[in-house]
2 protein chains.
Amino acid sequence: MNTDNLLVAYFSQYMDLSPEEIEVIKNTDIIREYAKNTVLLEAGQVAKNCFLVLKGCVRRYYIQDGEERIMDFYTENDPITPASYVSQTPSEYYLSCVEPSVISSGTDESTQEFIAKFPQFVPMFIKIGDQLSVKKQLSFDNFKNQSPEDRYQQLVASRPDLINRVPQYMIASYLGIKPESLSRIRKRLFS
Amino acid sequence: MNTDNLLVAYFSQYMDLSPEEIEVIKNTDIIREYAKNTVLLEAGQVAKNCFLVLKGCVRRYYIQDGEERIMDFYTENDPITPASYVSQTPSEYYLSCVEPSVISSGTDESTQEFIAKFPQFVPMFIKIGDQLSVKKQLSFDNFKNQSPEDRYQQLVASRPDLINRVPQYMIASYLGIKPESLSRIRKRLFS
DNA sequence: CCTGTGCATTGACTTGGGTTAAGAAATGAA
DNA sequence: TTCATTTCTTAACCCAAGTCAATGCACAGG
């Protein structure tokens, strides 16, 4: 698989690229394939990278009293900026691959070099950041406003792929409930 | 009250300011006082401004089935960037003053003018944005991971001022529960 | 093929928040 | 001060999620 094209496709969502710029993108970032269950960031470590999921699925989770609490699933074209990467303090949470995944890694230096060379990308970065931030706020709002049952129905509607590619007990954790409860919700809904 | 100094104080948190820069800050933004219960943004309207709370308290809330669902309280030095301001689509939520408040308003034009004149402020803006985004993610994580009782205890510990300046039924809404439940939680904790 | 492991379901019971309704306490205006 | 309104508390009952335990089911490895 030519993984470089995935990154070019990602940037193309936001702006038209000259052949020259395409070359730069192909050469700038580190792209790697990771096996299922590969841990990208461990709690306690300081993140050295931010990520962009090009293919596959990554989950973000805490471990509390030996239990995983899943906060997010990242899939195709989702950027991941760990809090630990921004603050350079030990991470409170883990990142690991739910599926075999193709992921682009960035560092502070690589990003700044990139921006210095190609300032025309800055408005795009800002736009992506704004959109992301708004999206996050709205999903928080939804979570707060809805019952677990509502949240499950909305998830099925908005991210049907997730339901199929992720085990149900992870979906339950993501929804903030126990697997048994999700089972009962499904029973209530589908019968 | 000399409200200009509040804005200068805000910027000084993040970088040292020359006398010249201080003059610019004093002249650039619109600062106004608002009475208690003034609505800054109404659901259905497209936001024309982003805000910075210099003094007082603003709440962000939806109205669902005639009930207010409070998502956030913004107090001294909290910036407010409405989703509607970013996307230029009608707002889903309201912003209104819980107390008489002093608030600085910004527009797209004023911000861009400001940046064009003083590019040295850009890294600061980016830093503020990053910090804000991380802070939001962490408070979402906390909300998901904790019971209403935990959430109340943490709020008392982390923002004790809010408990005093905001009516309890608003705190309850903010915690995602009914006033009656918060009453019971307090009884459980303090007796 | 059988077996072990991990995942999903079901049932009985507990617990804590929602609902409804009433009344007490605090606040503010006349 | 008095009265009205808003806010907070309490009680009884309901319901959905948590807990604990057993069972079913699918898939992988031997």
Side-chain angles (χ1 to χ4, degrees), chain A residues 35-38 57 59 61-71 73 96-100 142-156 160 162-191, chain B residues 35-39 57 59 61-71 73 96-100 142-156 160-191:
Chain A
K36 183 175 167 174
N37 295 326
T38 304
C57 182
R59 72 192 214 275
Y61 59 102
Y62 294 78
I63 295 187
Q64 275 186 3
D65 315 311
E67 286 214 329
E68 294 178 358
R69 305 292 194 99
I70 297 173
M71 298 296 109
F73 293 107
S96 89
C97 300
V98 177
E99 301 172 351
N142 269 326
F143 189 92
K144 238 183 181 177
N145 278 326
Q146 294 180 329
S147 68
E149 184 169 325
D150 292 338
R151 295 202 284 264
Y152 178 67
Q153 293 198 77
Q154 178 166 325
L155 186 67
V156 170
L162 218 54
I163 308 294
N164 298 319
R165 63 205 285 195
V166 171
Q168 222 137 78
Y169 73 92
M170 288 190 187
I171 299 284
S173 175
Y174 177 62
L175 295 174
I177 58 177
K178 301 285 160 187
E180 296 92 328
S181 297
L182 180 53
S183 237
R184 279 178 301 215
I185 286 172
R186 286 163 53 80
K187 195 180 180 183
R188 255 179 356 239
L189 292 176
F190 301 136
S191 55
Chain B
K36 183 174 168 174
N37 294 326
T38 304
V39 174
C57 181
R59 72 190 213 275
Y61 58 101
Y62 295 78
I63 296 187
Q64 275 185 4
D65 315 311
E67 286 216 329
E68 294 178 357
R69 305 291 195 101
I70 297 174
M71 297 295 109
F73 292 107
S96 90
C97 300
V98 177
E99 301 172 351
N142 270 327
F143 190 92
K144 237 184 182 177
N145 279 326
Q146 295 180 327
S147 68
E149 183 168 326
D150 292 338
R151 295 203 283 263
Y152 179 68
Q153 292 198 76
Q154 178 166 324
L155 186 68
V156 170
D161 58 308
L162 262 192
I163 307 294
N164 297 320
R165 63 206 286 194
V166 172
Q168 221 138 77
Y169 74 92
M170 288 191 187
I171 300 282
S173 176
Y174 177 61
L175 295 173
I177 58 177
K178 301 284 160 187
E180 296 90 330
S181 297
L182 181 53
S183 236
R184 277 181 302 213
I185 287 172
R186 285 163 54 79
K187 194 180 179 183
R188 260 185 343 247
L189 291 176
F190 302 135
S191 55

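Protein chains get the first letters and strands the later ones, always in sequence-line order, with residue 1 at the start of each.
Residue B:Arg188 places none of its side-chain N or O atoms closer than 4.0 Å to OP1 or OP2 of D:dT10.
Taking atom CG on A:Asn164 and atom P on C:dC7, their separation rounds to 17 Å, with Å as the unit. Distance, A:Glu67 CD to D:dA17 P: 17 Å, rounded to whole Å. Separating the CD atom of A:Glu149 from the P atom of D:dC15 is a distance of 14 Å, rounded to the nearest angstrom. Remark: P of C:dA25 and NZ of B:Lys187 are 14 Å apart, rounded to the nearest angstrom. The OH-P distance, from A:Tyr152 to D:dA16, rounds to 18 Å in whole Å. Taking atom NZ of residue B:Lys178 and atom C1' of nucleotide D:dC15, one finds them 15 Å apart after rounding to whole Å. Remark: C1' of D:dT9 and CG of B:Leu182 are 11 Å apart, rounded to the nearest angstrom. Protein atom CD1 of A:Ile185 is 14 Å distant from nucleotide atom P of C:dA8, rounded to whole Å.
Contact check of residues 168-177 of chain B against DNA chain D (heavy atom, cut-off under 4.0 Å) returns B:Gln168, B:Tyr169.
A donor-acceptor contact closer than 3.5 angstrom is absent between the side chains of A:Ser173 and A:Arg69. Residues B:Arg184 and B:Ser181 have side chains that bring a donor and an acceptor to within less than 3.5 angstrom of each other.
At a threshold of 4.5 Å between non-hydrogen side-chain atoms, the residues A:Asn142 and A:Arg151 do not count as touching. Proximity of B:Leu175 to B:Pro148: side-chain heavy atoms (C-beta onward) are nowhere separated by under 4.5 Å. Annotation: side chain of B:Glu149 is in contact with side chain of B:Leu189 (closest heavy-atom distance under 4.5 Å).
Nucleic acid contact for A:Pro167: sugar-phosphate only, since backbone atoms but no base atoms lie under 4.0 Å from a heavy atom of the residue.
Annotation: of the two residues near DNA chain D, B:Glu180 and A:Ser147, the 5′-most nearest-nucleotide partner is B:Glu180.
Using a 4.0 Å cut-off between a side-chain N of Lys or Arg and a carboxylate O of Asp or Glu, A:Lys178 and A:Glu67 qualify as a salt bridge.
In this structure, of D:dC8, D:dG18, C:dT9, it is D:dG18 that holds the atom nearest to the side chain of A:Ser181.
Not a single donor-acceptor pair, N or O on each side, falls under 3.5 Å between the base of C:dG11 and the side chain of A:Arg184.
Annotation for B:Asn164: atom CG counts as buried by contact number, over 12 foreign heavy atoms lying within 6.0 Å.
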